[in-house]
Number of protein chains: 2
Amino acid sequence: MTSKYQVIKQAIKSKILEGTLAPHQKLSSENDMIKEYGVSRHTVRLAIGELANEGWLYKVQGSGTYCADRSKTKSLRQPNNNIAIITTYISEYIFPSIIRGAESYLSKHGYNVTIFNTNNDYNQEKQVLEIILTGNYAGVIIEPTKSSSASPNLHLYLSLEREMIPYLMINAFYHELEPTTIVLDDEKGGFIQAEHLIKLGHRDIVAIFKTDDMQGSKRLKGFIKAHRMYDIPINTSNIISYNTQNRYSKPVEKLEALLDSNMQTPTGIVCYNDQLVLELLDVLRKRDLQVPRDISIVGYDDSSLSEVSEVKLTTVKHPKSKMGYEAAQLLVEMIKNRNGSGKKSTESIVYEPELFIRTSTKRVGKFQEELLEGKFESPIGSK
Amino acid sequence: MTSKYQVIKQAIKSKILEGTLAPHQKLSSENDMIKEYGVSRHTVRLAIGELANEGWLYKVQGSGTYCADRSKTKSLRQPNNNIAIITTYISEYIFPSIIRGAESYLSKHGYNVTIFNTNNDYNQEKQVLEIILTGNYAGVIIEPTKSSSASPNLHLYLSLEREMIPYLMINAFYHELEPTTIVLDDEKGGFIQAEHLIKLGHRDIVAIFKTDDMQGSKRLKGFIKAHRMYDIPINTSNIISYNTQNRYSKPVEKLEALLDSNMQTPTGIVCYNDQLVLELLDVLRKRDLQVPRDISIVGYDDSSLSEVSEVKLTTVKHPKSKMGYEAAQLLVEMIKNRNGSGKKSTESIVYEPELFIRTSTKRVGKFQEELLEGKFESPIGSK
DNA sequence: TTTTAACTTTCGTACGTACTATTAATTATA
DNA sequence: TATAATTAATAGTACGTACGAAAGTTAAAA
């Protein structure tokens, strides 16, 4: 009746109930128990296997078997395999790739992916975070809303931390939180966009960036840095910034105004992303300005759009779906570590931007490129 | 990664979810399973042991292993506000819009949206459906996998019905199920694509369609119907069909072969979607064929891509995000009616396709258009 | 026909071996 | 000193064998 494994099981259970085994305390290894109880490994595994099933123990492969913290499971939290992804705008041409990357990893590891959308609006961000806090989520991947300024919802992110729900931010982050992040080095990205044109001899370059998210303002910063580095003055009217609300009107209007003014036509344009480039190409076509003959233009993201037009875009590579995939990996890691001991802050990932040179840019003038080439090293990314 | 016992476990679980194994039905004995799966008894026991632990099976020593009756434990389901959306491929340029449309309605009505992805693969479709059946979902929006043929997972859709989980299919559907659907009238869409070119005097038109989904094969059908209607013979070598696997190679290669052959260059091309058009535009550019001067081309979807190129595409309008929004509306209605009385079959929605004429098509030859114009009425859509 | 006993099937317990996957600790290397 | 490579420890998977315990089946005996 009382089989060997039952005896062992009862012995361990007693230790837990007595308090001899505290939560998260390591048990003897299977091999030690074999000697301890004088039975086979199979029998030991049978005993601790059942105890693990019943929630008394948990096992970590490669590490050991531990006493479970039953005070938590008592709060009837059912097994929790939902991951939330918060986007600003689902259809934005980059984000579906990120979602796909994340989904492919998470579904492979038994998680379900629930999508939330803030439309880059603080109010909706708040609602979403409240749903997640109320609901049952193991972790959250967040593309922050209006990331260039502080969010009024910071306290909700702190609540996530208090509830032990791991989260990480992608593409951008709120400085105040110092969260785990997965981002491009956007400042460097903006820098190499501008540097590329500068090295090709351009001196009159227009910058058009969306500045209500962190990406855009960092890219603009990189643009300015490149000019400063190469000692090229910036005409302030060459900097056009816009935001989410006026994204479909302002860039086009401003560029039209600039081109139709009696100022000299710029020789190069640097854009917030490829999508914007394609809109602006129409503006140029209407004025019979050919790319790259009359004007060079640099995009950002290396999206599918960059090879779609008659002129293939020189652009900065964005690791889209890879980013989603690795975000998912990182998050799952964070979820696992949460249960363990004090092993906390997971390292953030910063991708180095990379320029893809296609046919939308060309050399102009006869500047002394020799002097420029190799004279300066790229000053960013040395941290 | 997927160990032997996991495979067996999954196989048995599938049988239960399909209904092949009814509650209290006896399973094969351990010894039979050993032969059945070609593994050791230990492995079989590991599989059925875990399933018993998880409540799928129960065992009676000396008698056998039986399928558990889960209907009882299930009745205490917590309130349920999750909606699943099953896509074939998240990044496909149309689907993010559909998701956005659905998400905007569902989040407004207190539902959370969980995204699943099949990669147009039956196996993954099966896994996803099993997760949904096991999990806690109020309804499902499905873009069917490989919709032009019957799915091997039909029984799982029937299980959805048995579990009273409303679902509807979007873009396409499996004929066998007669589900509630939200689709475009793709046959008519293909018809008006072809009709447009025919009315512009084209007689030598190439059709390039993806035919492993229902949309493509219906559009092709419409293409053929238009030719028959206007008594125009079809050169069979003008019909190029491809599928999900070879979508990035076959269409381009086939068109190149056709253009480089010594046959007369066709005057028009009708495409499965806008994305394909843009790929093919590169092929034409390489051969100095200008659109629409030398060749007219018609797309499908009226996607953002249609206004991106130097030539703006004539294309068929696809109500993308509206479709997602109305799918969500319909599904929520179905969920509400489910509890109510016998008010059952919700009406499906079929959108009428609409041609957007831009600048990628032009009139050719001097055919007697007068004779054609108005002589025929559009023959489809009168049902 | 009923009862009993023997036999068979089935799951349960228990031993052993071997290899893999993951983690942690150690050592070597820069 | 910090990093990389190696090694050791630990749980996971998988094969095998053997016998016990409970249930079901069959056949003989009352």
Side-chain angles (χ1 to χ4, degrees), chain A residues 1-12 21 24-68 105 108-110 329-330 332-347 349 383, chain B residues 1-12 21 24-68:
Chain A
M1 175 62 219
T2 40
S3 49
K4 290 190 184 178
Y5 89 91
Q6 297 274 13
V7 173
I8 299 170
K9 203 177 148 184
Q10 194 54 49
I12 296 172
L21 272 171
H24 304 298
Q25 190 180 335
K26 192 170 174 179
L27 275 74
S28 320
S29 75
E30 291 179 357
N31 275 315
D32 289 344
M33 289 196 202
I34 288 170
K35 290 163 200 157
E36 202 172 316
Y37 296 105
V39 296
S40 72
R41 182 162 171 230
H42 178 266
T43 306
V44 171
R45 282 182 63 76
L46 198 55
I48 61 180
E50 288 202 354
L51 285 170
N53 262 322
E54 292 166 18
W56 296 91
L57 305 175
Y58 66 92
K59 303 165 161 199
V60 181
Q61 183 176 357
S63 174
T65 307
Y66 301 84
C67 178
Y105 182 86
K108 223 179 286 171
H109 288 73
Q329 273 186 310
L330 208 57
V332 168
E333 200 181 299
M334 288 165 77
I335 292 167
K336 280 185 185 165
N337 286 347
R338 184 193 47 176
N339 298 337
S341 55
K343 198 178 159 191
K344 46 186 172 182
S345 65
T346 315
E347 282 301 310
I349 298 177
K383 46 183 167 181
Chain B
M1 177 67 216
T2 41
S3 47
K4 290 188 182 179
Y5 88 90
Q6 298 272 14
V7 173
I8 297 170
K9 203 178 149 184
Q10 194 53 47
I12 295 171
L21 272 170
H24 305 297
Q25 189 179 335
K26 191 171 175 179
L27 275 73
S28 319
S29 73
E30 292 178 358
N31 275 315
D32 289 343
M33 288 195 202
I34 288 169
K35 291 164 200 156
E36 201 172 317
Y37 295 107
V39 297
S40 70
R41 180 160 171 232
H42 177 265
T43 306
V44 170
R45 281 183 61 76
L46 198 53
I48 60 179
E50 289 202 355
L51 285 170
N53 262 321
E54 292 166 18
W56 296 92
L57 305 176
Y58 64 93
K59 303 164 159 202
V60 181
Q61 185 176 358
S63 172
T65 307
Y66 301 84
C67 178

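Sequence lines set the chain letters: A, B, ... in the order given, protein chains first and strands last, and positions in each chain run from 1.
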*Can you label the angle between the A:His24 ring and the A:Tyr58 ring as parallel, tilted or perpendicular, going by 30° and 60°?*
perpendicular
_Restricting to non-hydrogen atoms, name the atom on A:Lys4 and the atom on A:Val39 that form the minimum distance, rounded to 0.1 Å._
CD-CG1, 3.8 Å
_To check you understand the geometry: which heavy-atom pair defines the closest contact between A:Gln329 and A:Tyr105, and what is its length?_
CG-CE1, 3.1 Å
Distance check: side-chain N/O of [X] vs OP1/OP2 of [N], anything under 4.0 Å?
X	N	answer
B:Ser63	C:dT9	no
A:Arg41	C:dC15	no
B:Ser29	C:dT10	yes
A:Ser40	C:dC15	yes
B:Lys59	C:dT10	no

Rounded interatomic separation in angstrom, taking [atom1] from [X] and [atom2] from [N]:
X	N	atom1	atom2	result
B:Tyr5	D:dA14	OH	C1'	12 Å
B:Arg45	D:dT13	CZ	P	16 Å
A:Tyr37	C:dA14	OH	P	14 Å
B:Lys4	C:dT20	NZ	P	13 Å
A:Tyr58	D:dT10	OH	C1'	15 Å
B:Gln61	C:dC11	CD	P	10 Å
B:Gln6	C:dT20	CD	P	19 Å
A:Met33	D:dT10	CE	C1'	12 Å

*Quick one: on DNA chain C, does B:His42 or B:Ser28 contact a more 5' nucleotide (nearest heavy atom)?*
B:Ser28
*With a non-hydrogen cut-off below 4.0 angstrom, is B:Thr43 in contact with a base, only sugar-phosphate, or nothing?*
sugar-phosphate
*Between B:Lys26 (side chain) and B:Ser63 (backbone), is there a donor-acceptor pair under 3.5 Å?*
yes
*Side-chain donor/acceptor of A:Glu30 to base of D:dA11, under 3.5 Å*: no
*In Å and rounded to the nearest 0.5 Å, what is the OG1 to CD1 distance from B:Thr43 to B:Ile48?*
11.0 Å
*Side chain of B:Val39: nearest nucleotide among D:dG24, D:dA11, D:dC15?*
D:dC15
_Return whichever of A:Lys26 or B:Leu46 has its heavy-atom-nearest nucleotide of DNA chain D closer to the 5' end._
A:Lys26
